[in-house]
Structure formats: structure tokens, C-alpha cells
K.L.:
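Please see the structure below; I have some questions.
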Amino acid sequence: MTPDPNGPRKVTVLGAGSWGTTFAKVLADAAADAGAQRTVCLWGRDPESMQRIAREHRNDRYVPEIELPETLEYSSDLRSALAGADLVVAAIPAQSLRAQLGAAASYVEPEAVILSLAKGLESGTGLRMTQVIAQVLAEHTQRTAEEWARRACVLSGPNLAMEIAREEPTASVVAATDHDTAAWVARCCAAPYFRPYTNTDVIGTEIGGLVKNVIALCVGICDGRGYGDNSKASVMTRGLAETTRLALALGGDLTTLSGLSGMGDLVATCSSSLSRNHTAGRLLGAGLSLEQVQDAMTQTAEGIKSAPAVLALARHHGVDMPITEAVVSVLRNDVPVHELAPRLLGRDLKSEGNSA
Ligand SMILES: NC(=O)c1ccc[n+]([C@@H]2O[C@H](COP(=O)([O-])OP(=O)(O)OC[C@H]3O[C@@H](n4cnc5c(N)ncnc54)[C@H](O)[C@@H]3O)[C@@H](O)[C@H]2O)c1
Ligand SMILES: O=P(O)(O)OC[C@H](O)CO
């Protein structure tokens, strides 16, 4: 695989929600900063919204205060959006990625690199997003899943979209199995306020990003119940421990989980009122039912759908994840939210893994 050493000529971002729109701005600002001749196109499925965003240079629904760069292009047509794109960014929620990428696959250039921004695990299959990407593209193109897996990367880290849209300094991680591919992608999204690091641990990077959403639900529940900082720090720390156990069991690296896409993202998400997962947890903790929480949320809280898939994956690999298990019990309505506390840290003290 030989990506253009000058970086992508065209990048297309699929999904015009808060992160897709913000990341398109990062890419356009990065290209301007580097003086690169690069088209950045933001694709969204709703033609009316995309025309309005193009007219107003503003995505009122998802990042209302932000003026988008003049150089950004917009489209609701998959064929033209993907034509010539040597980097395709998937900013579509985890449970919709398979269907949407399936619809896009025949327009994806055979040489394209695919970057996943989603932080979720697919329900039913338990697949990570780079696995879904490789599987779906192999089904619809001439390349094999193994070939697409080498072209599938992930970007993850403490990346609350609204803060990045406001150009607050932020670091992130681009992971690909091939270091040169990760570096190629990282160079094209390095903006003055956005610093991507690289990693070849795709598994650890994805697991850190998706499990922290489940832990953030739990920390949100603690907030909703009125518990203080001891409880939240305990859940975050033990949450990182169970995330690490799962990542290692799947073949991830320990160092990834102590870095930006592990601890960094966990701290940001669990501490921020901007986090949708933290917000959803807080509403559950305050006594709303899951249906009421889902009605109240206008944006995606991936942890709600990913939590049962994470638990199933953990059980399949014999990994103990008591916090995830407790969150799933609440989401399934098996345990009332006021009975969550004793389950969070209440493992048998004689059991393995009792060191802090
Ligand atoms: N917002 C953030 O701060 C942030 C940061 C890092 C990662 N992420 C991750 O990025 C992913 C996307 O999140 P978001 O914040 O942009 O979500 P969002 O709720 O803001 O927007 C989701 C977007 O996806 C679109 N969408 C949903 N189903 C679709 C489909 N089938 N086809 C096409 N478009 C579809 C929606 O119309 C919407 O534009 C999630 O996995 C999330 O965890 C979000
Ligand atoms: O708003 P959340 O909870 O989806 O979190 C957003 C990002 O993943 C934080 O890194």
C-alpha cells in the first residue's frame, strides 16, 4: 500500500453529527495550516440539512456556535462525495455503521484508507468498528477483509467534540496496524489545536474508547444519585482496571490503556457535563427510566447499546467486568438504580484480581 506521501488529495467524512462536523473542521484547518491542496467533504444523509450547512457555514443542530471553514465542501450524495477520496472517515454511530457503510461501499475507492471515529461495539456480533469496516467492505468490493483491515484505522482519545470545535487544545491517537498508515492519517489531521499521536495497537485503542462510555454511564449514575468524588474516582479507577483486563485478553497493549485513548478519554468523559454518556447516566441515576432518558437525549450515547455487547464479549473471553455488569443490570431494569452501589465494587474479597 503506498498512500500519497503528500497526504490525501480528498478526505470525505461520512456523518454530519457533532463529531463528524467537528472533525471535518479539524481536517480543513489542518490542510490550511499545512498549505496542502486537499478537498475536505462532509457528507450527511439529509439533503436539506446539508444544503443549509453549506449556505450558512454552520451546523446549527450539532455545533451551533461554530463557524465552519469556507473551504469545506458538503454533500448528501454518496457517489460524488466518495469519488476520488483517498481517506474516508466514518463518523456514524456504531449500531448504524454496518448499514450505512454497506450503502456506501461500492463508491469507496479501492485504494482508500478508512478512519473510524466511532466508539462503540456492534450489538449482536460484538465486533469493533474496524472489524465491521473490514467485513462490510470485503463483502462489497474486490479486496479481502484482511486487506481492508490493514487500511482501517481508528482515532480515539479525550475528544469532546464541542471543546475541539472551539479550538481548545486537545490530543488524540490514530491507531493502525501499519505505523506508516497511522502517521499518514495523523499528519493530515494535525491542526494548531489538535495533536494526534500514533499507535499500532488498534484493539487497545478501540476498547479504551468504547468501554469508557460504559464507565461514564456509571459515573453519571453516581452523580445522579448524589454520590461524591470518592465514589466517582473509585468507579473510574476500577473501570480502567476492567477495561484493561478486556483489552489485554483481546490482544491489546497495557501502555495503550494508560495513555490518551485509555485513561485520558476515561477522565475526560467521566468528568464532563458535555459527555452524552455521562449525561445519560446522570438522568438514570436521578430516577428516569431508560425510555425517558432515550427520549431526552438528542445525540448518541453509545454506552447504552454497547454495554450488553461489552459484557457478552467479556464473558466470552472469561474476563471479569463487575462495573459493566452492574450497568447492564440497571439498563435491563434487573436492578433498581438505588441498588447499584453495592454491586459496583462488591466482588468477593478472596477472588483473584483483588490488588488495587
Ligand atoms: N461527539 C463527540 O464528542 C464524540 C467524540 C469522539 C467520538 N465520538 C463518537 O463518534 C460517533 C458519532 O457520534 P456523534 O457525536 O457525531 O453523534 P451525533 O449523535 O452527534 O450524530 C450522529 C450523526 O450520525 C447520523 N446518523 C445516524 N445514523 C446514520 C445512518 N444510518 N446513516 C448516516 N448517518 C447516520 C445522524 O444523522 C447524525 O448526523 C459515536 O460513535 C461517538 O461515540 C463522538
Ligand atoms: O459525549 P460522549 O459521552 O459520547 O463522549 C464523547 C467523546 O467520546 C469523549 O472523548
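Indexing begins at 1, ligand by ligand and atom by atom, following the structure's order.
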K.L.:
Could an N or O of ligand 2 be found under 3.5 Å from any N or O of Pro158, whether backbone or side chain?
P.N.:
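Among all N and O atoms of Pro158, none is under 3.5 Å from an N or O of ligand 2.
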
K.L.:
Which residue and atom name correspond to the protein heavy atom nearest atom 41 (O) of ligand 1, and how close is it?
P.N.:
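Atom 41 (O) of ligand 1 sits closest to the protein heavy atom Glu302 OE2, 2.5 Å.
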
K.L.:
Of all the non-hydrogen atoms in the protein, which one sits nearest to atom 38 (C) of ligand 1, and at what distance?
P.N.:
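Answer, as residue, atom name and distance: Tyr62 OH, 3.4 Å.
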
K.L.:
Return a yes/no value for Asn213: is any of its N or O atoms, backbone included, closer than 3.5 angstrom to an N or O of ligand 1?
P.N.:
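Between Asn213 and ligand 1 (N or O atoms, distance only) the closest approach is not under 3.5 Å.
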
K.L.:
Establish, from distance only, whether the side-chain atoms of Thr130 and Glu206 form a donor-acceptor pair under 3.5 Å.
P.N.:
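Note: Thr130 and Glu206 side chains meet the donor-acceptor criterion.
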
K.L.:
What about Asn159: any of its N or O atoms under 3.5 Å from an N or O on ligand 2?
P.N.:
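Yes, there is a polar N/O contact under 3.5 Å.
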
K.L.:
Using a 4.0 Å heavy-atom cut-off, which part of Gln100 comes near ligand 1: side chain, backbone, both, or neither?
P.N.:
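For Gln100, the contact with ligand 1 is made by the side chain alone.
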
K.L.:
Which residue and atom name correspond to the protein heavy atom nearest atom 20 (O) of ligand 1, and how close is it?
P.N.:
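So the nearest neighbour among protein heavy atoms is Ser18 OG, 2.8 Å.
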
K.L.:
Any idea which part of Lys212 is under 4.0 Å from ligand 2, heavy-atom wise: side chain, backbone, both or neither?
P.N.:
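Looking at Lys212 and ligand 2, just side chain atoms fall under 4.0 Å.
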
K.L.:
Taking 4.0 angstrom as the limit and counting only heavy atoms of Lys119, give me the atoms of ligand 1 inside it, by number and element.
P.N.:
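Reading through ligand 1 atom by atom, the close ones are 6 (C), 7 (C), 41 (O), 43 (O).
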
K.L.:
Give the numbers and elements of all ligand 2 atoms closer than 4.0 Å to a heavy atom of Asn277.
P.N.:
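This gives 2 (P), 3 (O), 4 (O) as the contact atoms.
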
K.L.:
With a cutoff of 4.0 Å, is Gly44 in contact with ligand 1, counting heavy atoms of the residue only?
P.N.:
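No, Gly44 has no heavy atoms under 4.0 Å from ligand 1.
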
K.L.:
For atom 11 (C) of ligand 1, grab the closest protein heavy atom and report residue, atom and distance to one decimal in Å.
P.N.:
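Here the closest protein heavy atom is Ala118 CA, 3.9 Å.
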
K.L.:
Which protein heavy atom lies closest to atom 18 (P) of ligand 1, and at what distance to 0.1 Å?
P.N.:
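Result: Thr300 OG1, 3.7 Å.
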
K.L.:
Restricting to non-hydrogen atoms, name the atom on Glu302 and the atom on Pro93 that form the minimum distance, rounded to 0.1 Å.
P.N.:
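The answer is OE2-CA, 3.3 Å.
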
K.L.:
Checking contacts here: is it the side chain or the backbone of Leu160 that comes within 4.0 Å of ligand 1, counting heavy atoms only? Could be both or neither.
P.N.:
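Backbone only.
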
K.L.:
Is the closest side-chain donor-acceptor distance between Asn199 and Ser261 under 3.5 Å?
P.N.:
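Short answer, no.
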
K.L.:
Applying side chain to side chain contact (heavy atoms under 4.5 Å, CB included) between Ile323 and each of Val211, Val219, Val235, Leu340, report the one that passes.
P.N.:
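That would be Val235.
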
K.L.:
Can you confirm whether Glu147 sits close enough to Arg151 that some side-chain heavy atom of one is under 4.5 Å from a side-chain heavy atom of the other?
P.N.:
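Heavy-atom side-chain distance check fails, nothing below 4.5 Å.
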
K.L.:
Which atoms of ligand 2 are found less than 4.0 Å from any heavy atom of Asp265?
P.N.:
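Numbered from 1, ligand 2 contributes 9 (C), 10 (O).
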
K.L.:
What protein heavy atom is closest to atom 24 (O) of ligand 1, reported as residue, atom name and distance in Å?
P.N.:
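Here the closest protein heavy atom is Pro93 CD, 3.3 Å.
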
K.L.:
Side chain, backbone, both or neither: which part of Gln299 comes within less than 4.0 Å of ligand 1 when only heavy atoms are counted?
P.N.:
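It is both parts that get close, each with some atom under 4.0 Å.
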
K.L.:
Taking Asn277 for its side chain and Thr300 for its backbone only, find out whether a donor-acceptor pair lies under 3.5 Å.
P.N.:
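It does not hold such a pair.
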
K.L.:
Considering Pro158, Gly17, Ala90, which one's heavy-atom position lies nearest to atom 21 (O) of ligand 1?
P.N.:
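Going through Pro158, Gly17, Ala90 one by one, Gly17 has the nearest heavy atom to atom 21 (O) of ligand 1.
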
K.L.:
List ligand 1 atoms under 4.0 Å from Ala161, heavy atoms only on the residue side.
P.N.:
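Per the distance check, 1 (N), 2 (C), 3 (O).
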
K.L.:
Please report whether ligand 2 has a polar contact with Thr300, defined as an N or O pair separated by less than 3.5 Å (distance criterion only).
P.N.:
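No, there is no polar N/O contact under 3.5 Å.
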
K.L.:
What atoms in ligand 2 come closer than 4.0 Å to a heavy atom of Lys119?
P.N.:
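In order of numbering, the contacting atoms are 7 (C), 8 (O), 9 (C), 10 (O).
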
K.L.:
Determine whether any heavy atom of Gly15 lies closer than 4.0 Å to an atom of ligand 1.
P.N.:
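The answer is no: ligand 1 sits nowhere under 4.0 Å from a heavy atom of Gly15.
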
K.L.:
Pick one of side chain, backbone, both or neither for how Arg276 approaches ligand 1, counting any non-hydrogen atom pair under 4.0 Å.
P.N.:
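Looking at Arg276 and ligand 1, just side chain atoms fall under 4.0 Å.
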
K.L.:
Quick one: does ligand 1 sit under 4.0 Å from the side chain of Ala16, the backbone, both or neither, non-hydrogen atoms only?
P.N.:
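Within the 4.0 Å criterion, Ala16 contacts ligand 1 through backbone atoms alone.
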
K.L.:
Tell me the protein heavy atom at minimum distance from atom 16 (O) of ligand 1, and give that distance in Å.
P.N.:
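Minimum-distance protein heavy atom for atom 16 (O) of ligand 1 reads Trp19 N, 3.0 Å.
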
K.L.:
Checking a contact table here: which protein heavy atom is nearest atom 27 (C) of ligand 1, and how many Å away?
P.N.:
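Here the closest protein heavy atom is Arg45 NH2, 3.4 Å.
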
K.L.:
I need the Thr12 OG1 to Leu78 CG distance, nearest 0.5 Å.
P.N.:
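Spacing of OG1 (Thr12) from CG (Leu78) equals 9.5 Å.
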
K.L.:
Short list, please: which atoms of ligand 1 are under 4.0 Å from a heavy atom of Leu117?
P.N.:
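Counting from 1, the qualifying ligand atoms are 7 (C), 8 (N), 9 (C), 10 (O).
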
K.L.:
Could you tell me, atom by atom, which parts of ligand 2 come under 4.0 Å of a heavy atom of Gly157?
P.N.:
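Those atoms are 10 (O).
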
K.L.:
At a non-hydrogen distance cut-off of under 4.0 Å, which region of Glu302 contacts ligand 2 (side chain, backbone, both, or neither)?
P.N.:
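For Glu302, no heavy atom sits under 4.0 Å from ligand 2.
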
K.L.:
Main chain of Arg9, side chain of Asp4: is a donor-acceptor contact present, judged purely on distance under 3.5 Å?
P.N.:
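No, because the side chain of Asp4 does not come within donor-acceptor range (under 3.5 Å) of the backbone of Arg9.
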
